[in-house]
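Beneath this line is the structure, given in structure tokens, with notes to follow.
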Amino acid sequence: MKNDRRGEGSRKVKKPMEHKWGMVIDLDRCTGCGACVVACQAENNVAICGKQEVGEGRNMHWLRIERFWVGEYPDVRVKFLPVLCQHCHDAPCEPVCPVYASYHNPDGLNGQVYNRCVGTRYCGNNCPYAVRVFNFHDHEHAWPPPLDNQLSPDITVRPRGVMEKCSFCIQRIRRAKEEAESEKRLVKDGEVQPACAQTCPAEALVFGNMSDPESRVARLARSPRSFRLLEHLGTHPSINYLKGGGREHV
């Protein structure tokens, strides 16, 4: 009796991703200076909110720095925790979007299509990291002259009524990939730098291709100090944090 092998040849073998972008944040290096927050705001045309909006919890920052304390009194030290979109591989925000504005792209990023978003805010309510912000107001005139000249031409100014979040500066990723393709080569390790990682004076943020085991970010992610935020939820974030206790030289 012959074995029935019909259908085996039609099975698609899932190829490994050429790029799987991720980040490692060393909490031992972070000083809480806020340079990454300002750089993100300038690079991605994040709206400037006034005192009233911030007081109502309607700030537009894509990246925030949380404070926490370690040790026992009187030997208590303050530590800083940068929190941005974790670009989860099993993102809770994606299945709840009724218009598929929140999606997972082939590079492992959690994307957001602004001109598709209808502002239901389901994704923000379903995000356990509270890293999505809703644009409550029309911020097109938030940059009076000459501040409007500093707006980045690589990314749009979002209208009122859409959800916004960190994109790992996807415009920079696309530019690096297009340049590498035109030169018929691969994207080099460290060639792509989001605004936050580029600006950090302590080099606490390291960005790169997790699919390359020899990349700096992949080697740091294998550190015994590595952990992920709310890992027990099974969201499988693309951001690893390094807890205190030492520094790797990679």
> Listed by chain and number, what are the side chain to side chain donor-acceptor pair (under 3.5 Å) partners of K188, not counting sequence neighbours?
Replying inline: none

>> Testing the basics here: between C196 and L205, what is the closest heavy-atom pair and its distance to 0.1 Å?
In response: SG-CD2, 3.7 Å

Could you pull out all donor-acceptor pairs under 3.5 Å where a side-chain atom in residues 50-60 meets a protein atom, sequence neighbours excluded?
| unit_1 | atom_1 | unit_2 | atom_2 | d |
| --- | --- | --- | --- | --- |
| E53 | OE1 | H139 | NE2 | 3.3 |

> Are any of the side-chain nitrogens in R185 or E191 under 4.0 Å away from the carboxylate oxygens of its partner?
Replying inline: yes

>> Parallel, tilted or perpendicular, judged at 30° and 60°: which one describes the rings of F207 and W21?
In response: parallel

>> How about CD1 on I48, more than 12 heavy atoms from neighbouring residues, nucleotides or ligands closer than 6.0 Å, or not?
In response: yes

> Looking at side-chain heavy atoms only, is the closest gap between D75 and Y73 below 4.5 Å?
Replying inline: no

>> Is there a side-chain contact between M23 and P194 in this structure, where contact means two heavy atoms from C-beta onward sitting under 4.5 Å apart?
In response: yes

>> Contact between C127 and P92 at the side-chain level, heavy atoms closer than 4.5 Å - yes or no?
In response: no

>> Using a 3.5 Å distance criterion without hydrogens, assess whether the side chain of N149 forms a donor-acceptor pair with backbone atoms of P145.
In response: no

> Can any side-chain N or O of R116 pair as donor or acceptor with the backbone N or O of Y100 at less than 3.5 Å?
Replying inline: yes

>> Distance check, rounded to the nearest 0.5 Å: E231 atom CD versus Q86 atom CD?
In response: 11.0 Å

>> We want to know whether H19 and N209 form a side-chain donor-acceptor pair, criterion being a heavy-atom distance below 3.5 angstrom.
In response: no

> Is there a donor-acceptor pair under 3.5 Å between the side chain of D189 and the backbone N or O of R216?
Replying inline: yes

> Given side chains that start at C-beta, do those of H87 and F168 come closer than 4.5 Å, heavy atoms only?
Replying inline: yes

I'd like a table of donor-acceptor pairs (distance under 3.5 Å, sequence neighbours excluded) in which one partner is a side-chain atom from residues 31-46, with atom names and distances.
| unit_1 | atom_1 | unit_2 | atom_2 | d |
| --- | --- | --- | --- | --- |
| E43 | OE1 | R172 | NH2 | 3.0 |
| E43 | OE2 | Q171 | NE2 | 3.0 |
| E43 | OE2 | R172 | NE | 3.4 |
| N44 | OD1 | Q171 | NE2 | 3.3 |
| N44 | ND2 | C40 | O | 3.2 |
| N45 | OD1 | S152 | N | 2.8 |
| N45 | ND2 | S152 | O | 3.0 |
| N45 | ND2 | I155 | O | 2.9 |

> For the atom pair OG (S102) and CG (N126), what is the distance rounded to the nearest 0.5 Å?
Replying inline: 10.0 Å

> Do V133 and H61 have side chains that get closer than 4.5 Å, going by heavy atoms?
Replying inline: no

> What heavy-atom pair brings A204 and R29 nearest, and what distance separates the two atoms?
Replying inline: CB-CB, 3.7 Å

>> If the threshold is 4.0 Å, N to carboxylate O, is there a salt bridge linking D28 and K243?
In response: no

>> Would you say L233 ends up clustered with F227 if hydrophobic residues are merged whenever their side chains have heavy atoms under 4.5 Å apart, either directly or through other cluster members?
In response: yes

> So, are D26 and R225 salt-bridged, with charged N and O less than 4.0 Å apart?
Replying inline: yes

> When you look at W62 and E164, which way does the side chain to side chain contact (heavy atoms under 4.5 Å, CB included) test go after all the steps?
Replying inline: CA-CA 7 Å; W62 293 2; E164 300 185 13; 3.1 Å; yes

> What pair of heavy atoms forms the shortest contact from T235 to C88, and how long is it?
Replying inline: O-CB, 3.1 Å

> Got a sec: does the CD of E66 have more than 12 other heavy atoms crowding it under 6.0 Å?
Replying inline: yes

>> For residues L84 and Y129: do they belong to one hydrophobic cluster (side chain heavy atoms under 4.5 Å, members Ile, Leu, Val, Met, Phe, Trp, Tyr)?
In response: yes

>> For the OG atom of S215 and the CE atom of M210, what is their distance to the nearest 0.5 Å?
In response: 7.0 Å

>> Main chain of L151, side chain of D148: is a donor-acceptor contact present, judged purely on distance under 3.5 Å?
In response: no

> Are L81 and C30 close enough that some pair of their side-chain heavy atoms sits under 4.5 Å apart?
Replying inline: no

> Between C117 and V99, which heavy-atom pair has the shortest distance, and what is it?
Replying inline: CA-CG2, 4.4 Å

> Does the side chain of Q112 come under 3.5 Å of the side chain of R132 through a donor N or O and an acceptor N or O?
Replying inline: yes

> Taking it one step at a time, do N135 and M163 satisfy side chain to side chain contact (heavy atoms under 4.5 Å, CB included)?
Replying inline: CA-CA 6 Å; N135 196 336; M163 293 295 295; over 6 Å; no

> How many angstroms lie between SG in C97 and CZ in R121, if you round to the nearest 0.5 Å?
Replying inline: 14.0 Å

> Can any side-chain N or O of R228 pair as donor or acceptor with the backbone N or O of N240 at less than 3.5 Å?
Replying inline: no

> Under a 4.5 Å side-chain heavy-atom rule over Ile, Leu, Val, Met, Phe, Trp and Tyr, are V192 and L109 clustered together?
Replying inline: yes

> Taking all atoms of both residues into account, what is the closest heavy-atom pair of G108 and H89, and its distance?
Replying inline: O-CE1, 4.0 Å

> Is K20 salt-bridged to D212, going by a charged N under 4.0 Å from an acidic O?
Replying inline: no

> Is the backbone N or O of D90 less than 3.5 Å from a side-chain atom of H236, with the two atoms forming a donor-acceptor pair by type?
Replying inline: no

> Should F134 and Y122 be regarded as members of a common hydrophobic cluster, given that ILVMFWY residues are connected when their side-chain heavy atoms come within less than 4.5 Å of each other, either directly or indirectly?
Replying inline: no

> Would you call K177 and E179 a salt bridge, taking side-chain N to carboxylate O under 4.0 Å as the test?
Replying inline: no

> Quick check: does any side chain N or O of K165 sit under 3.5 Å from a backbone N or O of G124, one acting as donor and the other as acceptor?
Replying inline: no

> If you draw a 6.0 Å radius around CD in Q150, do more than 12 non-hydrogen atoms from other residues or ligands fall strictly inside?
Replying inline: yes

> Any donor and acceptor pair, going by atom type alone, linking the side chain of S226 with main-chain N or O of R222 inside 3.5 Å?
Replying inline: no

> In the single-linkage hydrophobic clustering (I, L, V, M, F, W, Y; side-chain heavy atoms under 4.5 Å), do V131 and L63 co-cluster?
Replying inline: yes

>> So, taking the atom named SG in C200 and the one named CD in Q193, what distance separates them when rounded to the nearest 0.5 Å?
In response: 10.5 Å

>> I'd like to know if the side chain of R67 and the backbone of I65 have a donor-acceptor N/O pair within less than 3.5 Å.
In response: no

